[in-house]
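A short worksheet on the structure shown next.
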Amino acid sequence: THDLAVVSQVTQQVIVMYAGRIAEKGATRDVIQNPRHPYTHGLMHALPQQNSAGKRLYQIPGSMPTLDAMPQGCSFNPRCEYVSDRCCLEVPDLQDLNGHLVRCYKAKELRENGSLT
């Protein structure tokens with residue numbers, strides 16, 4: 001579902017997927033309050049309650065790839081503002097950040113620098 005209000009009320013764990021792969025997995029409250037994948041971060045900022053009345057909702061730039069035209073490396077790389085050369089070459093493994101799993105080479109770095117909050 002894309003209804004994160006429902007997700008936050010009825011789940012204890014959540015998995016965020018992008019293009020058929022797990023992008024992020026963890027305790028629902030932690031994933032919603034502290035997203036560590038750029039896609040999850042974009043989803044959180046696209047929620048109506050994140051914007052002032054009358055303001056345009058945030059949109060993640062670009063379009064989701066089709067299954068017959070998946071990019072090499074991380075499937076989110078064409079839309080990611082933090083993309084690096086490595087992201088375009090290799091699919092990242094899930095990293096365990098204290099029980100919060102994230103498929104992003106920069107998840108730890110971005111979190112420590114506060115860039116995703």
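- In this structure, N77 CG and R86 CZ are separated by 13.5 Å, a value rounded to the nearest 0.5 Å.
- Residue V16 is grouped with residue M64 when hydrophobic side chains (ILVMFWY) are merged at heavy-atom distances under 4.5 angstrom, including chains of intermediate members.
- If you take OG1 on T40 and CD1 on I15, they are separated by 11.5 Å, rounding to the nearest 0.5 Å.
- Residue I32 comes nearest to S8 through the heavy atom pair CD1-CB, 3.6 Å, listed as atom of the first residue, atom of the second, then distance.
- Under the 4.5 Å side-chain heavy-atom criterion for Ile, Leu, Val, Met, Phe, Trp and Tyr, V14 and L97 are members of distinct hydrophobic clusters.
- Contact check for Y39 versus E24: no side-chain heavy atoms found under the 4.5 Å cut-off.
- Once rounded to the nearest 0.5 Å, the distance linking CD of Q12 with CG of D30 reads 14.0 Å.
- The two residues Y82 and P38 have their closest heavy-atom pair at CD1-CG, 3.9 Å.
- Here the NZ atom belonging to K106 is positioned 11.5 Å from the SG atom belonging to C74, to the nearest 0.5 angstrom.
- In summary, the aromatic rings of Y18 and H37 are positioned with their centroids too far apart to meet the 6.0 Å limit.
- Nearest heavy atoms, H100 versus V102: CD2-CG2, 3.6 Å.
- A side-chain donor-acceptor contact under 3.5 Å links Q95 to the backbone of C104.
- In terms of heavy-atom proximity, P65 sits nearest to M70 at CG-SD, 3.8 Å.
- Residues L101 and I22 have side chains not in contact (no heavy-atom distance under 4.5 Å, counting atoms from C-beta outward).
- Considering only heavy atoms from C-beta on, P61 stays 4.5 Å or farther from R79 through its side chain.
- Nearest heavy atoms, P35 versus M44: CG-CG, 4.0 Å.
- Atom-to-atom distance recorded for K108:NZ and N98:CG is 8.5 Å, nearest 0.5 angstrom.
- Residues V31 and V7 share a single hydrophobic cluster, defined by chaining ILVMFWY side chains whose heavy atoms lie under 4.5 Å apart.
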Before you tell me yes or no, could you show the steps for K25 and L94 under side chain to side chain contact (heavy atoms under 4.5 Å, CB included), namely the whole-Å CA-CA distance, both residues' side-chain angles and the distance that decides it to 0.1 Å?
CA-CA 9 Å; K25 176 184 178 188; L94 282 171; 6.0 Å; no

